[in-house]
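Notes for the one structure printed next.
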Number of protein chains: 2
Amino acid sequence: MNESAPLRPLTERPRIEDVAILAGTSAMTVSRALRQPGKVAAETLARIMAAVDALGYVPNLSASSLASRRSGILAVLVPTIGNSIFSETVRGLADAVAAADLHLLIGDFGYSDDKRRKLVRALVGRQPDAVVIVGAVHDEAVRASLRRQAAPVVETWELSPDPIDMIVGFSNFEAGATVARHLLARGRGRCAFVGGLESRAEARLAGFAAALAAAGAPPPETEVPADLSIAAGREAFGRILARAPDIDGVFFATDVMAVGGLLECQRRGIDVPGRVAIAGLGNLEIGRQMQPALTTIEIPAYAMGHRAGELILARLAKEDPSASGRVIDLGFALLTRGTT
Amino acid sequence: MNESAPLRPLTERPRIEDVAILAGTSAMTVSRALRQPGKVAAETLARIMAAVDALGYVPNLSASSLASRRSGILAVLVPTIGNSIFSETVRGLADAVAAADLHLLIGDFGYSDDKRRKLVRALVGRQPDAVVIVGAVHDEAVRASLRRQAAPVVETWELSPDPIDMIVGFSNFEAGATVARHLLARGRGRCAFVGGLESRAEARLAGFAAALAAAGAPPPETEVPADLSIAAGREAFGRILARAPDIDGVFFATDVMAVGGLLECQRRGIDVPGRVAIAGLGNLEIGRQMQPALTTIEIPAYAMGHRAGELILARLAKEDPSASGRVIDLGFALLTRGTT
DNA sequence: CTGAAAGCGCTTACAG
DNA sequence: CTGAAAGCGCTTACAG
């Protein structure tokens with residue numbers, strides 16, 4: 001009886017030791033073979049790989065995280081996974097880190113600060129190797145708990161002079177101002193804004209209002225939509241028109257709502273852009289495909305995620321803390337189309 | 001010197017032992033206090049909580065996973081996170097398991113079987129407590145590796161007589177047949193189908209073709225779109241019309257593409273539904289808001305996720321394996337609207 | 001109600 | 001190129 005087969009029941013998952021026994025080597029060497037195959041003799045490697053296949057061995061990542069102090073997790077916090085424009089950012093991030101083996105652990109905080117706080121606590125417990133957040137974090141408790149851990153943190157979609165660690169975004173304020181100047185240039189004297197209460201929409205409104213004021217135009221009518229849907233855009237537009245029938249230019253904080261505004265105009269027989277000009281933000285496909293096509297602010301949704309991923313990889317590789325405090329402005333572009 | 005402060009540098013994350021020392025108790029009791037506060041004396045509990053707050057202690061979940069053999073992870077595999085209808089399913093799932101503390105680890109396999117295989121390997125290493133997959137898995141290697149682990153697995157969005165473990169879906173075949181019968185009832189004799197090559201779209205096409213054949217109608221023209229976008233729907237519709245100008249009814253495998261078909265008709269001045277009837281699947285908001293509104297198959301996107309979550313919780317709670325092999329059909333509904 | 005001991009399955013130094 | 005020892009930070013039984 002030279003062969004010492006593992007005595008554990010077959011229903012249990014094999015451990016590294018089981019592989020080692022089957023391959024006639026040690027757990028150490030199996031571990032090395034799996035992570036740095038070049039450092040193991042070819043023949044040993046072959047025996048180990050055969051054993052891995054035979055047993056269907058998959059390393060227990062909880063154990064390796066614990067031992068190596070690297071979790072392999074990239075935590076991603078988004079306001080909502082149901083929004084395709086945020087998923088562009090996630091896609092950019094995933095593409096950027098595809099080579100490194102980091103898993104994206106995606107948490108959805110439903111636009112709620114309270115849920116975000118809980119999510120951060122939960123994620124910190126998983127010891128993420130890095131954290132990416134859609135939106136800048138303004139809650140001091142959350143900022144502190146993210147700072148406390150050593151992992152790089154990238155905020156996105158906004159600019160802030162004081163990032164937790166790094167931030168990659170664009171100026172929502174300038175985007176709003178750019179739309180206002182565009183509407184003014186199109187001869188619109190009575191403008192409105194439709195958007196929610198989170199910080200990015202507020203910054204767009206602030207820029208929009210500032211540029212109107214600078215031109216001596218009246219302050220914008222504003223409406224807060226029920227959510228970010230087409231229907232909410234329709235309804236908000238209807239309320240604005242009821243309140244201020246002379247409105248001739250509307251900036252919606254997102255394209256989806258702007259499409260609602262446009263469809264509502266078409267339903268009511270309101271000429272766009274003859275009577276009312278409409279602009280959105282996001283350059284989503286639906287806006288591009290509408291007839292007339294929607295004027296919009298194109299934002300670097302994919303690029304922000306991709307750049308965030310690159311920053312993280314650089315930091316993880318070089319242990320280079322010099323990037324900390326970095327603020328990267330990726331800009332935006334006004335796409336003038338049929339609705340203005 | 002009675003007070004023995006922890007000697008570790010403050011930059012390192014506190015461990016349970018640090019909390020125990022500060023609270024004047026043992027690691028065991030801290031662990032218990034955090035998980036089953038009712039089993040710890042009120043006074044001890046208060047001291048522990050104060051210590052937790054003072055140190056900003058967050059348990060290392062890699063260590064607890066390893067020790068408890070529960071990861072707290074619910075692995076979710078989706079074809080793409082960029083599709084809002086799949087995120088409905090994820091939302092349903094998240095809502096169902098919100099009370100239990102399970103984190104959703106979402107993996108995106110980009111509609112690629114190869115990427116899905118890798119993803120499954122990676123996820124299995126994280127020892128998920130449960131797995132939910134959008135789509136049935138037909139790859140035998142993947143099925144085997146999911147079966148090997150003890151965790152419950154729920155497939156969704158399809159029905160299959162032989163699930164890996166449990167499956168919650170609807171009949172894509174019947175959905176296709178229902179649309180065909182509806183178009184026939186509307187007097188359409190020359191139908192077409194636009195949809196991709198994955199199993200769900202194929203089942204819809206099979207049902208669509210079968211119902212046409214049963215009625216003695218000619219087999220459908222079919223077009224495979226470049227992707228699932230509005231633009232792809234437009235282009236596929238254009239190709240169909242070029243090939244078969246007498247087409248009078250088109251079923252698109254998803255609403256987004258169907259909207260493309262509708263917009264293309266409007267651009268070309270083709271009367272819908274007078275000359276061509278159009279139907280989609282998904283009951284997405286954009287289809288509802290179009291003018292005319294899109295006829296569609298409403299599918300239980302949210303409900304499938306929610307039910308999957310309930311099945312998982314039941315299994316996790318009762319260790320009840322009787323649900324295994326269960327096939328749950330949540331059905332669908334034809335919503336007849338303006339385009340047919 | 002509380003705690004000392006053992007162990008979860010890996011990896012990190014270190015030695016050879 | 002390979003391996004024995006120690007330890008990552010928790011929880012599980014068990015004892016009291």
Side-chain angles (χ1 to χ4, degrees), chain A residues 6 8-9 12-48 51-52 55-73 101 122 124-127 129 149-150, chain B residues 6 8-9 12-48 51-52 55-73 101 122 124-127 129 149-150:
Chain A
R8 313 167 66 237
E12 286 188 30
R13 294 188 38 173
R15 302 152 311 162
I16 198 168
E17 187 64 31
D18 300 321
V19 177
I21 291 170
L22 188 59
T25 179
S26 70
M28 276 283 5
T29 302
V30 173
S31 174
R32 204 148 22 209
L34 261 22
R35 290 174 301 119
Q36 315 168 59
K39 295 198 172 178
V40 172
E43 199 208 317
T44 314
L45 186 60
R47 284 206 318 277
I48 290 172
V52 165
L55 296 174
Y57 172 70
V58 179
N60 180 329
L61 298 183
S62 292
S64 37
S65 295
L66 183 58
S68 69
R69 296 148 169 278
R70 280 195 79 249
S71 64
I73 283 179
D101 43 22
V124 166
R126 301 243 174 242
Q127 328 275 110
D129 291 337
Q149 52 154 31
Chain B
R8 310 168 68 237
E12 285 187 31
R13 294 188 39 171
R15 300 152 311 162
I16 198 168
E17 187 66 30
D18 300 320
V19 176
I21 291 170
L22 187 60
T25 180
S26 71
M28 276 282 5
T29 303
V30 174
S31 172
R32 204 148 23 209
L34 260 23
R35 288 173 302 118
Q36 314 169 59
K39 295 197 171 177
V40 172
E43 199 209 317
T44 314
L45 186 60
R47 284 206 319 276
I48 289 172
V52 165
L55 297 174
Y57 172 69
V58 179
N60 181 328
L61 298 184
S62 292
S64 39
S65 295
L66 183 58
S68 69
R69 296 148 168 281
R70 279 196 78 250
S71 64
I73 283 179
D101 42 23
V124 166
R126 301 243 173 240
Q127 328 274 111
D129 291 337
Q149 51 153 31

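Sequence lines set the chain letters: A, B, ... in the order given, protein chains first and strands last, and positions in each chain run from 1. What's counted below: heavy atoms across the whole structure, side chains too, no hydrogens, waters or symmetry copies.
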| task | Name all pairs fulfilling the side-chain hydrogen bond (donor to acceptor under 3.5 Å, both in side chains) condition that reach into residues 31-41 of chain B, sequence neighbours left out, sorted by first residue then second. | result | Ser31(B)-Arg35(B), Gln36(B)-Lys39(B)

| task | Write out all pairs satisfying side-chain hydrogen bond (donor to acceptor under 3.5 Å, both in side chains) with one or both partners inside residues 56-66 of chain B, taking only residues at least two apart or from two chains. | result | none

Counting heavy atoms from C-beta on, name the nucleotide in [options] closest to the side chain of [X].
X        : options                 : answer
Arg15(A) : dG3(D), dG9(C), dG9(D)  : dG9(C)
Ser26(B) : dG9(C), dG3(C), dG3(D)  : dG3(C)
Ile16(A) : dT11(C), dC8(D), dC8(C) : dT11(C)

| Residue-phosphate contact under 4.0 Å: Tyr57(A) side-chain N/O, dC10(C) OP1/OP2 | yes

| So, is Thr25(B) close to the dG3(C) phosphate, meaning a side-chain N or O under 4.0 Å from OP1 or OP2? | yes

| Reading DNA chain D 5' to 3', how would its secondary structure be written in dot-bracket notation, given Watson-Crick and G-U pairs with both distances under 3.5 Å, brackets [ ] for crossing pairs and | for partners on other strands? | |||.||||||||.|||

| query | Just wondering, do Asp18(A) and Leu22(A) contact through their side chains at under 4.5 Å, heavy atoms? | reply | no

| Within the distance-only criterion (no hydrogens, no angle test), does the side chain of Asp129(A) pair as donor or acceptor with the backbone N or O of Ser71(A) below 3.5 angstrom? | yes

| query | Are any side-chain N or O atoms of Arg13(A) and backbone N or O atoms of Val58(A), one a donor and one an acceptor, separated by less than 3.5 Å? | reply | yes

Show the distances under 3.5 angstrom between N or O atoms of the protein and N or O atoms of nucleotides 12-16 of chain C.
{"from": "dT12(C)", "atom 1": "OP2", "to": "Arg35(A)", "atom 2": "NH1", "distance (Å)": "3.4"}

| field | Sugar-phosphate, base or nothing in reach of Ser62(B), heavy atoms under 4.0 Å | value | nothing

| task | Have a look at Thr44(A) and say if it touches a base, only the backbone sugar-phosphate, or nothing, with a 4.0 Å heavy-atom cut-off. | result | sugar-phosphate

| field | By side chain to side chain contact (heavy atoms under 4.5 Å, CB included) - contacts of Ala23(A) (at least two apart) | value | Thr25(A), Arg47(A), Ile48(A), Ala51(A)

| Residues which pass side-chain hydrogen bond (donor to acceptor under 3.5 Å, both in side chains) with Ser68(A), listed by chain and number, not counting sequence neighbours | none

